[in-house]
There are 2 protein chains.
Amino acid sequence: MAAVPNPPESPRRAPTIKDVAERAGLGFKTVSRVLNDEPNVRPETRDRVLAAVAELGYRRNSIASSIRRSDQRTSSIGLIVEDLANPFASSLTRVVQDYARERGHLVLVGSSDGDPGQEAELVGEFGTRRVDGMILVPNGPDQSYLEEERRRGTAVVFVDRPGRGIEADTVVSENAAGVAEAVRHLALAGHTRIAYLGDFESIYTSAERLQGFRDAMAAFGGADPRHIRTGLHDPEQAHRAAAELFALDPAPTALIAGNNLITVGAVHALQDLGIRDRTAFVAFDDLELADLLRPALTVVAQDTAALGEAAARHLFERLADPAAPYRRTRVPVRFEVRSSGAIPAPGH
Amino acid sequence: MAAVPNPPESPRRAPTIKDVAERAGLGFKTVSRVLNDEPNVRPETRDRVLAAVAELGYRRNSIASSIRRSDQRTSSIGLIVEDLANPFASSLTRVVQDYARERGHLVLVGSSDGDPGQEAELVGEFGTRRVDGMILVPNGPDQSYLEEERRRGTAVVFVDRPGRGIEADTVVSENAAGVAEAVRHLALAGHTRIAYLGDFESIYTSAERLQGFRDAMAAFGGADPRHIRTGLHDPEQAHRAAAELFALDPAPTALIAGNNLITVGAVHALQDLGIRDRTAFVAFDDLELADLLRPALTVVAQDTAALGEAAARHLFERLADPAAPYRRTRVPVRFEVRSSGAIPAPGH
DNA sequence: CTCCATACTGACAACGTTGTCGACAACGTG
DNA sequence: CACGTTGTCGACAACGTTGTCAGTATGGAG
């Protein structure tokens with residue numbers, strides 16, 4: 001830590017349109033007209049204004065602007081995810097921000113940590129800032145409080161999971177189909193004793209993925225109930241659950257992990273047990289180095305870019321037409337075949 | 001994609017303090033006093049106001065509030081990173097957002113994509129919204145345009161790299177020391193032909209890391225110039241450069257990758273060449289599955305949490321005391337020993 | 001030349017809030 | 001009782017902008 005002795009220059013008041021008007025020798029309303037590209041300004045007058053703007057380094061105060069504007073729009077939107085540091089969330093953030101910026105909007109972000117209280121608090125903060133709309137990954141049993149926001153004219157879009165107790169534009173992944181494809185892939189390699197590790201069933205995506213697993217397994221005689229473990233919310237729990245699964249008799253010969261945190265725990269468990277090379281494995285959610293693991297991880301990859309873009313698109317379309325019927329979009333997943341899913345069942 | 005026929009309820013004007021005042025039968029200034037916890041309000045009056053607030057579902061308009069406030073503060077800050085989807089950036093975002101929120105501030109985010117033009121554009125947008133301060137990972141040869149922002153009273157903090165052409169609070173990692181430690185670690189396993197893959201030398205972190213490499217290698221007779229490759233900006237370029245390195249005679253026996261994108265390309269190259277198991281490797285930047293690779297990746301891990309927190313702390317301290325001397329904080333890296341760095345040199 | 005339409009410009013209100021100030025009541029002190 | 005002090009409250013200006021409207025110059029038609 002080093003200290004540099006320079007104190008900053010004295011801060012001065014930012015110039016306003018009135019300063020610009022005075023400098024240009026015009027009424028301040030004329031300046032406003034130029035800045036908003038309104039018609040009926042002489043080109044010469046316009047140039048004088050722009051020159052004064054440049055000389056003073058004037059920059060519009062869009063805070064003041066949006067309080068006066070008739071539509072009360074702030075050209076900003078809010079995005080609430082569970083954890084900004086999570087790759088799924090950050091990829092979403094990136095896409096949403098790009099989409100918004102192309103349309104002149106900025107994005108406020110926040111992590112809910114899966115806590116409905118924090119979610120509601122963030123929604124409140126965003127509302128206070130009068131965002132034009134919000135995109136959220138909803139948490140908890142009830143998002144009906146968002147009706148209040150909508151009545152104020154704020155657009156609301158859910159992504160990854162539908163909100164509860166409220167109808168709204170929603171974008172989700174094809175969770176069940178993705179897991180079903182994983183099951184069929186494993187079955188092709190001769191597996192019938194396929195185990196599944198999932199998060200809390202109360203989470204929409206977890207429930208959908210589990211349902212996809214059960215349904216697909218039905219075609220192969222159904223899943224062994226002991227081979228299904230849910231309620232795993234971090235890598236450590238997944239690690240333990242996986243270890244327990246392989247202590248069973250008969251033990252599963254293949255494993256599906258319901259999300260990326262579970263994948264991390266499960267692969268660690270297989271590693272500890274020394275059965276990484278002979279246990280077939282498919283993970284939900286892609287991971288940065290998945291193709292460099294040995295065996296390379298076969299995954300059900302979510303199309304986070306499409307998810308984020310669809311959510312942003314829904315938001316802006318909602319802003320354009322508040323009366324349109326709500327839409328629910330399902331985004332296909334991509335089944336990424338590498339090698340871990342092709343490990344054959346013993347004797348196959 | 002499914003459509004639900006519900007049209008939304010008619011949007012109505014959000015209630016203002018005047019609506020609250022009328023409902024409570026009080027002057028609107030009294031309502032303002034209650035909302036801002038100003039003294040000299042009778043408890044009974046206060047209750048009446050709060051009741052009216054609750055009945056109307058009033059929520060302060062902090063947009064209007066901040067235009068009138070004497071300090072002109074908006075309780076929002078801006079964060080500009082290269083790519084919001086990058087794990088380094090998203091981890092930073094998470095920490096900065098948490099820190100800001102604890103202090104009642106919201107965070108606007110943006111990706112510069114390493115382009116000075118986009119960076120300046122985002123700075124402009126943030127300025128228009130009158131953010132209280134900005135944290136940025138600077139790009140390009142000159143950030144002196146930020147002086148203008150500061151003159152307006154906006155605090156500026158650089159993170160990951162110092163800004164150029166301007167003095168400001170800055171937080172960076174101990175890049176050189178981290179790479180030097182990697183070199184010593186490899187040397188301990190008997191390596192002297194250690195190669196280095198880096199990004200553009202014009203990027204501050206790349207230059208620092210390369211310098212750390214050269215300096216540390218000097219203790220072991222210096223690096224072979226042919227074993228240093230820079231200007232690698234994506235995994236593909238790194239892949240090719242690594243392949244070329246190992247076609248040399250004498251080929252290097254160990255490799256250091258200067259950032260996470262280079263790591264991905266380099267490991268792929270080692271994989272293709274079939275020399276992953278016998279080439280010592282240390283990566284700068286940790287990766288999610290690094291410990292599950294075989295061999296597990298030894299890395300120089302940046303403390304993104306400390307980096308982000310220090311940046312946020314600097315920003316808020318700057319807001320509290322604009323005249324304090326600028327500070328430059330260096331955050332230590334963590335050398336994470338796994339196995340890839342311990343692969344011995346041939347005949348050692 | 002007169003008249004009217006149109007282009008251009010500025011004075012002023014308004015947005016929802018906070019800051020300033022003064023009015024008024026209650027109270028204590030001499 | 002007179003007076004100052006303190007607590008409580010509201011009227012009004014102000015923030016920087018956009019919306020409304022009216023005023024003035026200009027040009028073309030008659």
Side-chain angles (χ1 to χ4, degrees), chain A residues 12-50 52-53 56-76 127-132 152-153, chain B residues 12-50 52-53 56-76 127-132 152-153:
Chain A
R12 55 148 202 253
R13 191 179 60 86
T16 72
I17 49 172
K18 294 194 181 178
D19 299 322
V20 174
E22 192 179 3
R23 177 116 186 174
L26 292 161
F28 72 93
K29 176 62 210 192
T30 301
V31 175
S32 170
R33 261 190 280 264
V34 171
L35 295 173
N36 291 302
D37 277 321
E38 286 175 30
N40 301 334
V41 179
R42 261 198 335 213
E44 182 199 310
T45 308
R46 176 185 194 77
D47 291 346
R48 252 163 71 205
V49 169
L50 294 178
V53 163
L56 294 177
Y58 168 81
R59 181 176 299 158
R60 130 192 281 125
N61 183 335
S62 61
I63 295 284
S65 164
S66 64
I67 123 172
R68 177 56 182 143
R69 275 215 136 71
S70 48
D71 57 5
Q72 294 266 95
R73 288 279 160 84
T74 56
S75 292
S76 61
T128 268
R129 259 76 165 194
R130 298 294 191 267
V131 294
D132 297 344
R152 291 184 160 85
Chain B
R12 56 152 200 252
R13 194 179 58 86
T16 73
I17 50 172
K18 294 196 179 175
D19 298 324
V20 174
E22 190 180 2
R23 177 119 188 171
L26 292 161
F28 72 91
K29 175 65 212 192
T30 302
V31 175
S32 170
R33 261 190 280 263
V34 171
L35 295 174
N36 291 302
D37 277 320
E38 288 174 29
N40 301 333
V41 178
R42 264 195 332 207
E44 183 199 311
T45 307
R46 177 187 194 76
D47 291 346
R48 253 163 70 207
V49 169
L50 294 178
V53 163
L56 293 177
Y58 168 80
R59 181 177 300 160
R60 134 192 280 127
N61 183 334
S62 61
I63 294 285
S65 164
S66 62
I67 128 171
R68 177 58 182 140
R69 275 217 137 72
S70 47
D71 58 4
Q72 293 268 95
R73 288 280 160 86
T74 56
S75 291
S76 60
T128 269
R129 260 78 166 191
R130 297 294 191 268
V131 294
D132 297 344
R152 291 185 161 82

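A, B, ... follow the sequence lines: proteins, then strands. Residue 1 opens every chain.
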Contact pattern, 5' to 3', of nucleotides 16-25 of chain C - B, S or - by protein heavy atom under 4.0 Å = BBBBB-----
Any sub-3.5 Å donor-acceptor pair from A:Asp47's side-chain atoms to A:Glu44's backbone N or O?
-> no
How many Å lie between CZ on B:Arg42 and P on C:dA26, as a whole number?
-> 10 Å
Just wondering, are more than 12 heavy atoms of other shown residues or ligands nearer than 6.0 Å to CD in B:Glu22?
-> no
Closest non-hydrogen atoms of A:Ile67 and B:Ile67, given as atom of the first, atom of the second and distance, are CG2-CG2, 3.8 Å
Taking side chain as C-beta onward, heavy atoms only, is B:Val34 less than 4.5 Å from B:Leu50?
-> yes
Separation of A:Asn40 atom CG from C:dA5 atom C1', in whole Å?
-> 13 Å
Do the side chain of A:Arg129 and the main chain of B:Ser75 share a donor and acceptor less than 3.5 angstrom apart?
-> yes
